[in-house]
Amino acid sequence: MIRTRFAPSPTGFMHIGNLRTALYAYCFARSQNGKFIIRIEDTDRTRYVEGAIDRIYRTLDACGMKEDESDRIEGACGPYVQSKRGKIYAEYAKKLIELGGAYYCFCDKERLESLTDEIGNRKYDKKCASLSKEEIAKLLRLGIPYVIRQKIPTCGTTLYTDLVFGEIQVDCADLEDNILLKSDGMPTYNFANVVDDHLMGITHVIRGTEYLSSTPKYNLIYKSFGWDIPQYMHLTPIMKNERQKLSKRDGDANFEDFTAKGFLPQAIINYIALLGWSPKNNTEKMSLSELISAFSIDGLSKSSSIFDEAKMKWLNSQYIKELPFDEFNKLAIPYYENSLIASKYNYSMFSSLLQQRIDILSEIPEMVAFIEQFENFDTELFVRQKLKTDKVLAKLVLPKLIDLFKNLDSFEHQSINDSIISLCENIGLKKGQVYWILRIALTGKESTPGGGIEIALLLGKNRSLERLSLSYSLLH
RNA sequence: GGCCCCAUAGUCAAGUGGUUAAGACAUCGCCCUUUCACGGCGGGUACAGGAGUUCGAAUCUCCUUGGGGUCACCA
């Protein structure tokens with residue numbers, strides 16, 4: 001049985017890169033009829049952020065990824081929060097010492113710092129590795145603070161096969177005797193991840209490449225214990241540009257910032273799935289369940305990829321377009337409420353125009369602002385080379401449009417259209433020319449959520465007339 | 001700096017010794033049209049550089065260059 005895990009640290013918000021790691025682990029497990037486990041890695045209490053765990057679950061829920069075991073879903077391998085597993089680590093650390101894979105270290109901070117070299121790197125010199133049993137017992141009795149360090153062979157190489165990168169080989173001499181158990185009794189990642197992955201029966205470890213070259217070290221621990229080593233899939237980072245990882249600070253890498261901006265969770269999931277992985281058949285728009293059935297390890301990329309919000313926007317627009325109208329309208333309401341038209345109109349009129357022409361929901365306020373906002377605008381907008389319209393033509397047409405609107409019996413789409421057509425015939429202009437002038441005169445905007453008639457209908461007869469007159473006066 | 005890893009267009013990416021080097025986003029042009037948008041059609045743009053191996057290399061090897069990761073009582 002395949003078992004994968006997502007093991008985030010509750011140190012802040014849910015980063016897009018983390019989400020993608022979770023997504024791959026989830027898809028891989030589901031595609032193999034395996035289990036997906038969530039484990040909270042909170043052994044560093046100084047970095048703990050209140051509410052971060054909730055955010056992790058909230059994000060996973062929003063994306064539709066349901067775990068099989070976690071702190072909130074009972075499983076056989078709990079607890080699923082590392083801070084609640086202190087005793088387990090202590091016990092296994094002792095055992096590892098007995099097995100010769102670790103040792104007590106009593107060196108204090110000052111001594112450790114004295115080991116720092118010119119470039120600022122520091123490597124422990126294994127001083128305590130040669131302490132005798134008696135010395136150790138004595139120091140322990142004296143209550144000297146200690147840590148437990150991994151005992152790494154002084155020579156030889158260690159290697160493993162990563163499922164995406166292939167064979168990775170590292171010289172033991174390049175590895176350090178890392179701290180496994182801190183002086184506060186808590187384990188470091190170096191130890192906790194090994195113990196937990198083993199105890200939780202994880203068969204495939206899926207995580208970022210920052211662990212690619214330290215994995216041999218972890219494998220040494222598995223070997224000391226005589227445990228089976230899991231399979232590894234290391235994932236390349238998502239970059240902001242060629243040289244920087246997606247930054248946490250800018251708020252552009254945060255899942256909830258994206259949803260607040262009006263990105264749909266399924267679009268986000270879909271987009272990030274494609275960053276670093278591609279399906280065999282090249283399809284791009286895929287639901288979570290399609291992602292699961294298409295997922296395969298050999299589609300994983302070895303090189304890092306740059307996050308491109310423009311493409312995610314495009315995907316988002318695809319999802320928006322296919323939403324049932326009522327659902328779109330419902331999602332759009334908060335954005336209307338935050339706009340100049342708040343509680344003044346029947347929002348669904350706008351929704352029917354907007355659904356086909358926005359990429360993200362947050363474009364809505366700007367798109368509808370013209371309804372309430374009509375000020376002096378640049379009359380150069382009347383100039384449109386393709387249609388051969390200009391200010392002179394606008395000056396000619398506007399009075400006729402005003403007359404036309406005044407004399408309209410019924411103010412609805414069909415009748416407006418009919419009279420505009422006959423107007424065009426009378427003065428020998430193309431429909432497009434008149435409509436362009438109408439739309440600009442009504443809105444003062446180059447881009448609007450609808451055409452001239454739609455806008456006129458939204459505004460109503462009186463306001464349309466007001467605006468036409470005002471625009472006409474601007475031409476003098 | 002040592003060690004590990006990576007390298008196809010502006011971006012994501014197919015490609016695994018023989019292809020006119022896919023596709024998508026973006027961009028540009030045209031068409032449709034009641035503007036923009038939507039939609040349709042089309043264009044330009046890529047194998048980082050250099051040596052090999054081979055009849056033949058984006059694909060294999062080496063070097064160079066560029067980039068990333070790592071070297072914590074952080075994960």
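A, B, ... follow the sequence lines: proteins, then strands. Residue 1 opens every chain.
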Legend entry - Residues, nucleotides or ligands: over 12 heavy atoms within 6.0 Å of A/Lys321 NZ: yes

Inset, instruction - Determine the interatomic distance between P on B/A24 and the same-named atom on B/A58; round to the nearest Å. - result: 24 Å

Legend entry - Pairwise C1' distance for B/G50 and B/U65, with rounding to whole Å: 10 Å

Legend entry - Neighbour count >12 (heavy atoms, 6.0 Å) for atom NZ, A/Lys388: no

Legend entry - Listed partners of A/Tyr124 passing side-chain hydrogen bond (donor to acceptor under 3.5 Å, both in side chains), at least two apart: none

Inset, instruction - Would you mind pulling out the nucleotide paired to B/A46, Watson-Crick or G-U wobble, both distances under 3.5 Å? - result: none

Inset, instruction - Report yes if the distance between the aromatic ring centroids of A/Phe307 and A/Tyr271 is under 6.0 Å, otherwise no. - result: yes

Inset, instruction - Considering just the side-chain nitrogens and oxygens of A/Lys311, establish if one lies under 4.0 Å of OP1 or OP2 belonging to B/A24. - result: no

Inset, instruction - Quick one: look up who B/G1 pairs with, Watson-Crick or G-U, both distances under 3.5 Å, and put none if it's unpaired. - result: B/C71

Inset, instruction - Decide whether A/Ser9 and A/Arg47 meet the rule of one side-chain donor and one side-chain acceptor closer than 3.5 Å. - result: no

Inset, instruction - Round to a whole Å and report the spacing from CZ of A/Phe370 to C1' of B/C36. - result: 12 Å

Legend entry - Sugar-phosphate or base contact per nucleotide [nucleotides 69-75 of chain B; S, B, -; heavy atom under 4.0 Å]: BSBSBSB

Inset, instruction - Provide, to the nearest angstrom, the distance between the CG atom belonging to A/Leu300 and the C1' atom belonging to B/C5. - result: 15 Å

Legend entry - Donor-acceptor side-chain pairing of A/Arg357 and A/Ser447 below 3.5 angstrom: no

Inset, instruction - Using the C1' atom as the reference point in each nucleotide, state the distance between B/C41 and B/A48 in Å, no decimals. - result: 34 Å

Inset, instruction - Rounded to whole angstrom, note down the P distance from B/A46 over to B/G23. - result: 15 Å

Legend entry - Distance-only polar pair, side chains of A/Asn219 and A/Tyr232, donor-acceptor under 3.5 Å: yes

Legend entry - P spacing across the pair B/U64 / B/C4, given as an integer number of angstrom: 14 Å

Inset, instruction - In whole angstrom, give me the gap between the P atoms of B/C47 and B/U53. - result: 24 Å

Legend entry - No-hydrogen, no-angle side-chain donor-acceptor test under 3.5 Å, A/Tyr218 and A/Asn193: no

Inset, instruction - Within residues 349-358 of chain A, find the residues that approach RNA chain B with a heavy atom at under 4.0 Å, and present them sorted by residue number. - result: A/Gln356, A/Arg357

Inset, instruction - Identify which nucleotide among B/A13, B/G2, B/C36 has an atom closest to any side-chain atom of A/Ser301, counting heavy atoms from C-beta outward. - result: B/A13

Inset, instruction - Return the stacking result for B/C25 and A/Trp314: yes when the ring centres lie under 5.5 Å apart and the planes under 30°, no otherwise. - result: no

Inset, instruction - Round to the nearest Å and state the distance from A/Glu242 atom CD to B/A48 atom P. - result: 13 Å

Legend entry - Nucleotide forming a Watson-Crick or wobble pair with B/G39, both distances under 3.5 Å: B/C31

Inset, instruction - Using the test salt bridge (charged side-chain N to carboxylate O under 4.0 Å, His left out), find all partners of A/Lys285 that sit at least two apart in sequence or belong to another chain. - result: A/Glu322

Inset, instruction - Measure centre to centre between the rings of A/Phe13 and A/Phe255, then say whether the value is under 6.0 Å. - result: no

Inset, instruction - Using a cut-off of strictly less than 4.0 Å between a heavy atom of the residue and any atom of RNA chain B, enumerate the qualifying residues of residues 263-287 of chain A by number. - result: A/Leu274, A/Leu275, A/Gly276, A/Ser278, A/Asn282, A/Glu284

Inset, instruction - Decide if the gap between the ring center of A/Phe191 and the ring center of A/Tyr92 is smaller than 6.0 angstrom. - result: no

Legend entry - Given RNA chain B, 5'-ward residue of the pair A/Ser303 and A/Gln318, judged by closest heavy atom: A/Ser303

Legend entry - Identity of whatever pairs with B/A7 - Watson-Crick or G-U, under 3.5 angstrom: B/U65

Legend entry - Nucleotide paired to B/G52 in any strand shown, Watson-Crick or G-U, under 3.5 Å: B/C60

Inset, instruction - Determine the Euclidean distance between corresponding C1' atoms of B/C12 and B/A7; express it in Å to zero decimal places. - result: 15 Å

Legend entry - Under 3.5 Å side-chain donor-acceptor pair for A/Ser287 and A/Glu290: yes

Legend entry - Nearest to side-chain heavy atoms of A/Ile168, which nucleotide of B/C5, B/U11, B/C6: B/C5

Inset, instruction - Name all residues meeting the side-chain contact (heavy atoms from CB on, under 4.5 Å) criterion together with A/Ser83; count only those two or more places apart in sequence or in a different chain, and write none if there are none. - result: A/Asp42, A/Val81, A/Met186

Inset, instruction - For A/Phe165 and for A/Gly450, find the nucleotide of RNA chain B with the closest heavy atom, then tell me which residue's nucleotide is more 5'. - result: A/Phe165

Legend entry - Interatomic distance at P, B/G2 relative to B/U8, whole Å: 25 Å

Inset, instruction - Mind checking A/Lys445 for me? I need base, sugar-phosphate or nothing, with any heavy atom below 4.0 Å counting as a touch. - result: nothing

